[in-house]
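Worksheet: the structure to be examined is printed underneath.
Note that the coordinates shown come from a computational prediction; the quantities given were computed from them, not determined experimentally. Ligands are counted one by one from 1 in listed order, and the atoms in each one are counted from 1 as well.
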Amino acid sequence: MLIDTHAHVNFSAFKDDADEVIRRSLAADTWMILVGSETKTSKRALEYANKYEKGVYAAVGLHPIHTHEQKATGDDYDFNARGEEFSYDVYEKLAQFKKVVAIGEIGLDYYHLDPAADPAALKRRQKEVFLRQLELAKNLKLPAIIHCRQAHDDMLEILKKFRKDYKDIMPKDKAWGVMHCFSGDEELAWQYFTLGLNISFTGLITFSAKWDDLIRRIPNDKFMIETDCPYMTPEPFRGQRNEPILVKKVAERIAEIKNLSFERIAEISTNNARKLFNI
Ligand code: NI
């Protein structure tokens, strides 16, 4: 079996066929964690998770893009971010449900900052909201699913301080979070490992060789796989909407690079996901 540790079947790209997509994936023995990005999509992630006896889990959180109102455009997306005011209580309530296995996605995203707004103020807000959600994760003993784009210096500073402040209660023998859709270099990956985090790979690795060396050398207990669907579609399906069943392509590519069997990579990545998310 496989676990897609980061899927957005709860997003509007799947509004007409979400259940079909989920069932297709479960039939192929591929479980998933549906990740929220604001209150609405967090609630929807939980709703879907509650509909299935097993194999579908939820993460709830406020994504940095949604901490201020702006237009977000990229290679495979185009939407208006809402500018949600973070409420600890709202997310704390959502996170009490049994099917919620993580707080996420949370983090920093300086890529989309509106240059017409006050970038310093927007960064401050992102950092504040991120930190409060790290606290929430700590208080509820849930792992964090972390997003970081063009903000690794600030990210490392926050994580180092957070880990130091709570060193006595942080788990020592297991990871406490994941840097999702990891796209940095090897040195950065090791900095995150040192901080007690895992990283996860998307379809990006199927069409760029940039992470091959890292993948070859990465310790077996440090990585997971994800689709980040509907985005990041792997080869040979680029240009189409991504979905959880395609996480298989990410596992196949890792197996190829590490020169291990597909079954072995499936086993390793699934064990890491089960351990981190307690599923
Ligand atoms: Ni995501």
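Taking the six-membered ring for Trp and the full ring otherwise, His6 and His8 have centroids separated by under 6.0 Å. Less than 6.0 angstrom separates the ring centroid of Trp176 from the ring centroid of Phe162. The six-membered or imidazole ring of Phe182 lies away from that of Phe223, with a centre-to-centre distance of 6.0 Å or more.
Inspection of the His147 and Asp109 side chains reveals an N or O donor paired with an N or O acceptor under 3.5 Å.
Considering only residues two or more places apart in sequence or on other chains, Gln133 meets the side chain to side chain donor-acceptor pair (under 3.5 Å) condition with none of them.
Distances shorter than 2.8 Å separate the Ni ion (ligand 1) from the protein N/O/S atoms His6 NE2, His8 NE2, Glu105 OE2, Asp228 OD1.
Contact check for Val56 versus Lys51: no side-chain heavy atoms found under the 4.5 Å cut-off.
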